[in-house]
Number of protein chains: 2
Amino acid sequence: MMQLKNQVEWALHCCSVLAALPEGKTVPAKVLAEFHGVPREYLAKAMQGLAQAGIVAGTLGPTGGYRMAKDPSDVSFLDIVEAVEGKKSTFACSEIRMKNPCMTKQERKCVGERPCGIAKVMWDADEAWREHLRGVLLSDLVAAVGEEVPSEVLVKGEAWLNDRC
Amino acid sequence: MMQLKNQVEWALHCCSVLAALPEGKTVPAKVLAEFHGVPREYLAKAMQGLAQAGIVAGTLGPTGGYRMAKDPSDVSFLDIVEAVEGKKSTFACSEIRMKNPCMTKQERKCVGERPCGIAKVMWDADEAWREHLRGVLLSDLVAAVGEEVPSEVLVKGEAWLNDRC
DNA sequence: CCTTTACGGATACTATATATCCGAAATAGA
DNA sequence: TCTATTTCGGATATATAGTATCCGTAAAGG
């Protein structure tokens, strides 16, 4: 099916929450999970990925949890997606052109000097995808949410978070 | 990992072969599989997908096999990829924003009128990917192969195919 | 000292991708 | 007419990746 993991969606939403948080505040994975209605333990794995990528920072102990490690205007969608999904291309070239039964060893070497034309197209498409995600910043998302979501909902959400961390 | 099926790669290479074929000639899946060094039965499934999408046409009986059903200049990479992989987006929005515990039914309805901002970005990225693949035609690939692959190799390949269909 | 947290590893479970097999229908040639 | 060859669709098996949970450790706050 060629789908991104659901953890990617969760990570994006969690970053959206963390980026809108007042300076210094942290939110534990447990609360983020409850807020989004997703399994805590599994979401934790995604958050670990974000932490490992230096996007968020986790602090230990009670009153601990996650906060942004970078300014939201310095984090792109691509950063977040790659942190949990990995950086591999969606197209894996297995060089089947080389299995052509009617090439000599020398011809194989000659052809092998150039990249496979099919792979090149697929990889360029991947790059177009990445380029789009690279162009949207977490700060853009926060701004859009601020415009599109009724302020009362935002206020209630903030209060709900304040209530439990 | 979020990878395309290997059948996508096979289908692209097979189309590259079929598109360079002289008018009226057909190549059975068995031969295409041997030419690319991939399992016959499984490649057959990919070819069925291409046939169902109207990209290639399969003819029955001895001397049967596959041929292009459209002009190569009328078939894009996207057509081939979608025929095998399907047309679903790589990002599935599960609307977890709606699971926010502090929204009333009415607020939920209000928010639900606009599409999720995160999904919109991801879907736009998908569209950029598709747009790139839409812009490269099978005829472009054939032309590139003609330029980049030594003509002796092409001639030998053609002869090899003539030998068995 | 006790609770809460992130972190990392180990372990199930589930869904998808990969691969094979079989029977049916069609077709060309003997 | 008979046989060989092909596509086609369905059924089935296997491998791999995604989903989810559990546990022990270390760190930090009250």
Side-chain angles (χ1 to χ4, degrees), chain A residues 1-11 14 18 24-34 36-69 83-86 88 90-92 94 96 164-165, chain B residues 1-11 14 18 24-34 36-67 69 81 83-86 88 90-92 94 96 164-165:
Chain A
M1 257 171 102
M2 164 81 163
Q3 268 196 331
L4 290 161
K5 323 188 204 192
N6 53 10
Q7 287 180 322
V8 171
E9 183 186 16
W10 304 349
C14 286
L18 295 181
K25 193 169 182 63
T26 65
V27 182
K30 181 183 177 182
V31 175
L32 286 170
E34 191 184 353
H36 292 114
V38 300
R40 180 207 179 282
E41 310 260 18
Y42 194 35
L43 172 64
K45 297 296 184 187
M47 296 309 295
Q48 280 179 39
L50 292 175
Q52 210 160 359
I55 296 169
V56 303
T59 61
L60 295 179
T63 78
Y66 288 100
R67 59 178 172 79
M68 292 302 299
V84 312
E85 184 70 39
K88 283 184 210 146
T90 62
F91 182 81
S94 61
I96 62 177
R164 44 205 95 200
C165 53
Chain B
M1 256 170 103
M2 162 86 160
Q3 269 197 327
L4 291 161
K5 322 188 206 194
N6 53 13
Q7 286 179 322
V8 171
E9 183 187 16
W10 303 351
C14 286
L18 294 180
K25 193 169 184 61
T26 66
V27 183
K30 180 182 174 180
V31 174
L32 286 170
E34 190 185 352
H36 292 114
V38 300
R40 179 205 178 283
E41 310 261 18
Y42 195 35
L43 172 64
K45 297 295 184 189
M47 296 309 295
Q48 279 179 39
L50 291 175
Q52 209 159 358
I55 296 169
V56 303
T59 60
L60 295 179
T63 78
Y66 288 101
R67 59 178 172 79
V81 170
V84 174
E85 185 71 37
K88 283 186 210 141
T90 62
F91 182 81
S94 60
I96 62 176
R164 46 205 94 198
C165 54

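All of these numbers come straight from a predicted model, not from anything done at the bench. Lettering of chains follows the sequences in order, A, B, ..., and the numbering in each one begins at 1.
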Fill in the blank from the handout: The answer to which of A/Ala51 and A/Gly61 contacts DNA chain C further toward the 5' end, by nearest nucleotide, is A/Gly61

Fill in the blank from the handout: Sorted by position of nearest nucleotide on DNA chain C, 5' first, the leading residue of B/Leu4 and A/Ala44 is A/Ala44

From [atom1] of [X] over to [atom2] of [N], roughly how many Å is that when rounded to an integer?
X: A/Glu34; N: C/dT4; atom1: CD; atom2: P; value: 15 Å
X: A/Tyr42; N: C/dA12; atom1: OH; atom2: C1'; value: 13 Å
X: B/Lys5; N: C/dA15; atom1: NZ; atom2: P; value: 17 Å
X: B/Tyr66; N: D/dC8; atom1: OH; atom2: P; value: 4 Å
X: B/Met2; N: D/dT19; atom1: CE; atom2: C1'; value: 17 Å
X: B/Glu41; N: D/dT12; atom1: CD; atom2: C1'; value: 13 Å
X: A/Lys45; N: C/dC13; atom1: NZ; atom2: C1'; value: 16 Å
X: A/Lys30; N: C/dT5; atom1: NZ; atom2: P; value: 6 Å

Look only at the side chain of [X] and the backbone of [Y], and say whether a donor-acceptor pair between them is shorter than 3.5 Å.
X: B/Thr26; Y: B/Gly64; value: yes
X: A/Lys25; Y: A/Cys165; value: yes
X: B/Glu9; Y: A/Ser94; value: yes

Practice task
Establish, with yes or no, whether the OP1 or OP2 oxygen of D/dG9 is under 4.0 angstrom from a side-chain nitrogen or oxygen of B/Gln48.
Solution key: yes

Problem - Side-chain N or O of B/Arg40 closer than 4.0 Å to phosphate OP1/OP2 of D/dT6 - result: no

Problem - Exercise: identify the closest heavy-atom pair between B/Val56 and B/Met47 - result: CG2-O, 4.0 Å

Handout entry: Closest nucleotide among D/dT21, D/dT19, D/dA26 to the A/Leu60 side chain
Key = D/dA26

Handout entry: Atom CD of A/Gln52 with >12 non-hydrogen neighbours under 6.0 angstrom
Key = no

Problem - Most 5' of B/Pro62 and A/Leu43 on DNA chain D, judged by nearest nucleotide - result: B/Pro62

